[in-house]
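What follows is a short report on a single structure.
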Amino acid sequence: MNPIKAVKGTRDILPPSSAVWNHVESVAREVFRTYNYHEIRTPIFEETALFTRGVGEDTDIVGKEMYTFPDRDNTSLTLRPENTASVMRAYIEHRLDQIPGVKKYYYIGPMFRRERPQKGRFRQFYQIGAEAIGSDSPIVDAEVIEMVVEVLKRSGIEKFHLMINSVGDHKCRPAYMALLKEKLKDAAPKMCADCQRRAVTNPLRVLDCKVPEDQPIIDTLPSILDHLCEECTAHFASVRAHLDARGIPYEVRPRMVRGLDYYMRTTFEITHGSLGAQNSVLGGGRYDGLAESLGSKVPAPGIGFSIGEDRLVMSVEDAYPEKHKPVVDVFLATLGDAADLHAGALAADLREAGLSVERSVDKKLKRALEVANKMGARFALIVGDNEIANQTYLLKDMSSTVQESLTRDQLVARIKK
RNA sequence: GCGGCUGUAGCUCAGCUGGUAGUAGCGCCAGAUUGUGAUUCUGGAAGUCAUGGGUUCAAAUCCCAUCAGCCGCCCCA
């Protein structure tokens, strides 16, 4: 019988790497708090219709990547492939529009997509995301972008690249799409095989083609930014002005395309060099029409992003290759049964003081110190019959090898010094 | 979903044109007497050579399939 292994595209996050995950998450929570974002937890699975309607029937995610299964009553359920649709569902369901001001939520958790795994791409992956709902003000767009940039910086990574674009709204985008398709009728046949396919299935993708020979042709295609309506043009200009005012560097990428149908107006993406082909650490954008497409009578304009936590952790580990080894403050080495019983209270004292304490399970002192050393313990506390009799304990500094005899009351102060 | 590369001890790997696996490094365990580690010395355990078939007198080594990982495509976080 073969041992069971984690299924393809899933993995275990073990120490010491799990410490990096915690670091990234606590940085994000702290930054979000200062922008008045608060946590929302939505279910891991939802009715399939939420995603088909929210994310879009024709997207790759809905078309071929969802984990969908029938419930026992045959309702079609789906493991969430992203979380914005769920957050919007909750917003509508709980009438959160009734709360005054801009509603700001963040989430951290696993998402599921059945793709071919490779570096930085998993079937169960984690996203740290935030959504600001209830305003279409460009101030919110700029603030959301500023906030996520702050999360990246405070996580410890540098050299990331912010790209922004506007993809228009329901008024100007259809006209642009029609124009693009018109131009592609002539242009596409001269382009690569992928582009010929994209020209039919997903014309915007043509703009993102990386084949060098196609670039001159792409340059002749119309840019979305030249075909925005007045409102969208003004909105985008304002987003940029706010980013400029905050000194946040970005690149305007008229050809940047996002894969989810609900995006409109502002879209953005941040890439990082250490990630390989899946170099996007985060993506986001505005989704002013999403609420309506989920059946809401009340409009709920919003903007959000999601960070690929797996990729952010990779970048952070790349920036700090040294191991995040767990710290043991005191390794309690006991000699004999009496000492074992006696040491429990000592350990409790130290833990009460906030120190991390590990107890020896070996009979021999030599072995205990060996283990303490391998764990990287700062101190060893030796307790044997002599110590119990004298009521003083031997505290050994593992790096200097100096040891001193201390009473129970002196221990904490000495260790914390 | 498509294409390419890879898969030998816990980890990193050696193993030439097939002859039945390594004094390898790190790690792990034990010992060098009685209560002292990180340096030293000695010894030890551990591998269905990813899995399943096939060719052969003989396969880790050749062939096929499957699985997994990596790289690229598609797409995305």
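Every chain is numbered from 1, with letters handed out A, B, ... down the list of sequences.
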OP1, OP2 of [N] versus side-chain N and O of [X]: anything below 4.0 Å?
X         : N      : value
Arg367(A) : G35(B) : no
Gln118(A) : G69(B) : no
Lys119(A) : A77(B) : no

Review point. Once the angle between the rings of Tyr37(A) and Phe32(A) is folded into 0 to 90°, is it parallel (under 30°), tilted (30 to 60°) or perpendicular (over 60°)?
Key: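 Rings of Tyr37(A) and Phe32(A): tilted, 30 to 60°.
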Measure from the side-chain heavy atoms of [X] and tell me the nearest of [options].
X         : options                : result
Thr401(A) : G1(B), C73(B), A38(B)  : A38(B)
Lys396(A) : G37(B), G35(B), C75(B) : G37(B)
Tyr263(A) : A77(B), G37(B), C74(B) : A77(B)
Leu365(A) : G35(B), A77(B), G3(B)  : G35(B)
Gln403(A) : U36(B), C75(B), G3(B)  : U36(B)

Distance in angstrom units between [X] [atom1] and [N] [atom2], rounded:
X         : N      : atom1 : atom2 : result
Asp337(A) : G35(B) : CG    : P     : 14 Å
Asp12(A)  : G69(B) : CG    : C1'   : 15 Å
Leu335(A) : U34(B) : CG    : P     : 12 Å
Leu394(A) : G37(B) : CG    : P     : 14 Å
Asn373(A) : G27(B) : CG    : P     : 12 Å
Leu204(A) : C75(B) : CG    : P     : 12 Å

**Study point:** Side chains of Gln124(A) and Thr10(A), donor plus acceptor under 3.5 Å
**Key:**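 No donor-acceptor contact under 3.5 Å links the two side chains.
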Check your understanding: Strictly by modelled atom types, are Glu131(A) and Thr84(A) linked by a side-chain donor-acceptor pair under 3.5 Å?
Key ->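 Thr84(A) and Glu131(A) do have a side-chain donor-acceptor pair below 3.5 Å.
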Under a 3.5 Å cut-off for both distances, is [N] Watson-Crick or wobble paired, and to whom?
N      : result
A38(B) : none
C75(B) : none
C67(B) : G7(B)
A14(B) : none
C29(B) : G43(B)

Check your understanding: So with a 6.0 Å cut-off around NZ of Lys364(A), is the heavy-atom count from everything else above 12?
Key ->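 No - once you tally the heavy atoms of other residues, nucleotides and ligands closer than 6.0 Å, there are 12 at most.
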Give a yes or no on whether a donor-acceptor pair under 3.5 Å exists between the nucleobase atoms of [N], that is its base, and the side chain of [X].
X         : N      : value
Arg116(A) : C75(B) : no
Lys374(A) : G37(B) : no
Asn386(A) : G35(B) : yes

Exercise for review: Hey, which sits more toward the 5' end of RNA chain B by its nearest nucleotide, Gly308(A) or Ile382(A)?
Suggested key: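 On the 5' side of the pair lies Ile382(A).
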Exercise for review: Take Ser399(A) and Lys8(A), find for each the nucleotide of RNA chain B with the closest heavy atom, and name the residue whose nucleotide sits nearer the 5' end.
Suggested key: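 It is Ser399(A) whose nearest nucleotide is closer to the 5' end.
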Point to revise | C70(B) to C11(B) separation - P atoms, rounded to the nearest Å | key: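 The answer is 15 Å between these two P atoms.
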Could you go through residues 105-116 of chain A and list every donor-acceptor pair under 3.5 Å that involves a side-chain atom there, pairing it with any protein atom two or more places apart or in another chain?
from: Tyr106(A); atom 1: OH; to: Arg29(A); atom 2: NH1; distance (Å): 3.1
from: Arg113(A); atom 1: NE; to: Pro81(A); atom 2: O; distance (Å): 2.8
from: Arg113(A); atom 1: NH2; to: Pro81(A); atom 2: O; distance (Å): 3.0

Point to revise | Ile164(A) vs Phe236(A) side-chain heavy atoms within contact, under 4.5 Å | key: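 Of all side-chain heavy-atom pairs linking Phe236(A) with Ile164(A), at least one is under 4.5 Å.
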